[in-house]
Amino acid sequence: RAGLALAAAAAAAVLALALAAWRRRRPPVREVLFFPSRPSCTEALLAEAAGLGTTARPCPCPLPRGDSSLSRLLRHLLSARRSLEICLFAFSSPQLGRAVQLLHRRGVRVRVVTDAQYMGLPGSQIGLLRHAGIQVRHDQEDGYMHHKFAVVDRRMLITGSLNWTTQAIQNNRENVLVVEDAEYVKPFLDEFERIWEEYNPINYRFF
């Protein structure tokens, strides 16, 4: 048994080194996504991610298959292996909500900052995320927490005008920039950490 455990640990170390080497070799992500996203089925993508790479059954829904801005956004999010920081004004997209919960179940550390006035609206995913055990913090201010960005594994920035809502994804003229560049990622991480600490519940003022 000790030999098997040692072999498994060695294999995991080799895999981690290979993954790190692959990430160093591949070109950094540079992508711009525009919305509204054309209608497309994302069930197979989410099911495949939930099954850790196993082939999913074809979805019987009538939506067309193929790439779309939403599916590409989902793929970037689902690439997270260690951490995901999300800072959003509004979050009601069921597909994006399922992706975030899937990452949490996979062991990715997920933290969410959102706006208090919008988190309780009908269709909001925030209650479902909290119920799943995901850490969520919100503002306690008069102004809106109006940021719209996410950071994947502390290396990939996803930001733009898009709220993560069905309305924005399907109907609005929106943009999303996805970039792997430490010069841009760091300020957004710093901003997230600053807000995360500021919105710590121990600092809430009820009177």
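Note that this is a predicted model, so its numbers are computed, not measured. Hydrogens, waters and symmetry mates play no part in the numbers below; they use all other heavy atoms, side chains included.
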Kindly give the heavy-atom pair with the smallest separation between [X] and [Y], and that separation in Å.
{"X": "Ala168", "Y": "Leu162", "answer": "CB-CD1, 3.7 Å"}
{"X": "Asp153", "Y": "Ser79", "answer": "OD2-O, 3.8 Å"}
{"X": "Thr114", "Y": "Phe89", "answer": "OG1-O, 3.6 Å"}
{"X": "His104", "Y": "Gly133", "answer": "CE1-O, 3.6 Å"}
{"X": "Gln101", "Y": "Ile134", "answer": "CA-CD1, 4.2 Å"}
{"X": "Leu74", "Y": "Gln95", "answer": "CD2-O, 3.7 Å"}

Under the side-chain contact (heavy atoms from CB on, under 4.5 Å) rule, collect the residues that match up with [X], sequence neighbours excluded.
{"X": "Asp181", "answer": "Arg30, Val179, Glu183, Tyr184"}
{"X": "Asn200", "answer": "Arg137, Glu197, Ile202, Asn203"}
{"X": "Arg194", "answer": "Glu191, Glu198"}
{"X": "Ala150", "answer": "Leu84, Ile86, Ile158, Trp164"}

*Decide yes or no on side chain to side chain contact (heavy atoms under 4.5 Å, CB included) for Leu96 and Val100, but give the supporting numbers first.*
CA-CA 6 Å; Leu96 294 172; Val100 172; 5.5 Å; no
Would you say [X] and [Y] are hydrophobically clustered, going by side-chain heavy atoms of ILVMFWY under 4.5 Å?
{"X": "Ile169", "Y": "Phe34", "value": "no"}
{"X": "Met156", "Y": "Val108", "value": "yes"}
{"X": "Trp196", "Y": "Leu157", "value": "yes"}
{"X": "Val152", "Y": "Leu102", "value": "yes"}
{"X": "Leu77", "Y": "Leu70", "value": "yes"}

*Dump the intermediate steps for salt bridge (charged side-chain N to carboxylate O under 4.0 Å, His left out) on Arg111 and Glu193, then the final yes or no.*
CA-CA 10 Å; Arg111 294 184 293 167; Glu193 296 294 350; 2.6 Å; yes
_By salt bridge (charged side-chain N to carboxylate O under 4.0 Å, His left out) - contacts of Glu141 (at least two apart)_ =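 Here no residue qualifies.
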*Partners meeting salt bridge (charged side-chain N to carboxylate O under 4.0 Å, His left out) with Glu180 (sequence neighbours left out)*: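 Glu180 satisfies salt bridge (charged side-chain N to carboxylate O under 4.0 Å, His left out) with Arg26, Arg155 only.
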Residues forming a side-chain hydrogen bond (donor to acceptor under 3.5 Å, both in side chains) with [X], sequence neighbours excluded:
{"X": "His76", "result": "Glu31"}
{"X": "Gln135", "result": "none"}
{"X": "Thr42", "result": "none"}
{"X": "Asn171", "result": "none"}

*Test side chain to side chain contact (heavy atoms under 4.5 Å, CB included) applied to Ser37 and Gln170, step by step*: CA-CA 6 Å; Ser37 180; Gln170 294 183 353; over 6 Å; no
*asked:* What I'd like to find out is whether the side chain of Arg106 reaches to under 4.5 Å of the side chain of Arg81, using heavy atoms alone.
replied: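 Answer yes - side chains close enough.
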_Any heavy-atom pair between the side chains of Phe192 and Val113 that's under 4.5 Å?_
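Yes. Closest side-chain heavy atoms under 4.5 Å.
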From [atom1] ([X]) to [atom2] ([Y]), nearest 0.5 Å:
{"X": "Arg98", "Y": "Leu45", "atom1": "CZ", "atom2": "CG", "result": "9.5 Å"}
{"X": "Glu43", "Y": "Leu63", "atom1": "CD", "atom2": "CG", "result": "9.5 Å"}
{"X": "Thr165", "Y": "Tyr118", "atom1": "OG1", "atom2": "OH", "result": "10.5 Å"}

*Examine the side chains of Ser68 and Ser40 and answer whether a donor and an acceptor come within less than 3.5 Å of each other.*
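The criterion, which ignores hydrogens and geometry beyond distance, is satisfied for Ser40 and Ser68.
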*Consider only side-chain N and O atoms of Glu174 and Asn172, and report whether a donor and an acceptor are under 3.5 Å apart.*
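There is such a pair between these side chains.
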Check residues 124-132 and write down every donor-acceptor pair under 3.5 Å in which the side-chain atom is one partner and the other belongs to a residue at least two apart or another chain.
residue : atom : partner : partner atom : Å
Ser124  : OG   : Met119  : O            : 2.8
Ser124  : OG   : Ile126  : N            : 3.2
Arg130  : NH2  : Val136  : O            : 3.3

*Looking only at atom types and distance, does a side-chain atom of Ser161 sit under 3.5 Å from a main-chain N or O of Asn175, one as donor and one as acceptor?*
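Checking the backbone N and O of Asn175 against the side chain of Ser161, a donor-acceptor pair under 3.5 Å is found.
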*Start with the C-alpha gap between Arg75 and Asp67, add the side-chain angles, then the distance that decides, and say whether salt bridge (charged side-chain N to carboxylate O under 4.0 Å, His left out) holds.*
CA-CA 10 Å; Arg75 283 194 182 92; Asp67 227 7; 2.8 Å; yes
*Could you check Val176 against Lys148 for side chain to side chain contact (heavy atoms under 4.5 Å, CB included), going step by step and ending with a plain yes or no?*
CA-CA 9 Å; Val176 169; Lys148 305 167 188 72; over 6 Å; no
*Residues in ring pair (Phe, Tyr, Trp, His ring centres under 6.0 Å) contact with Phe188, at least two apart in sequence or another chain*: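 For Phe188 the ring pair (Phe, Tyr, Trp, His ring centres under 6.0 Å) partners, ignoring immediate neighbours, are Phe149.
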*His146 and Asp115: side chain to side chain contact (heavy atoms under 4.5 Å, CB included), yes or no, with the steps?*
CA-CA 7 Å; His146 211 244; Asp115 183 80; over 6 Å; no
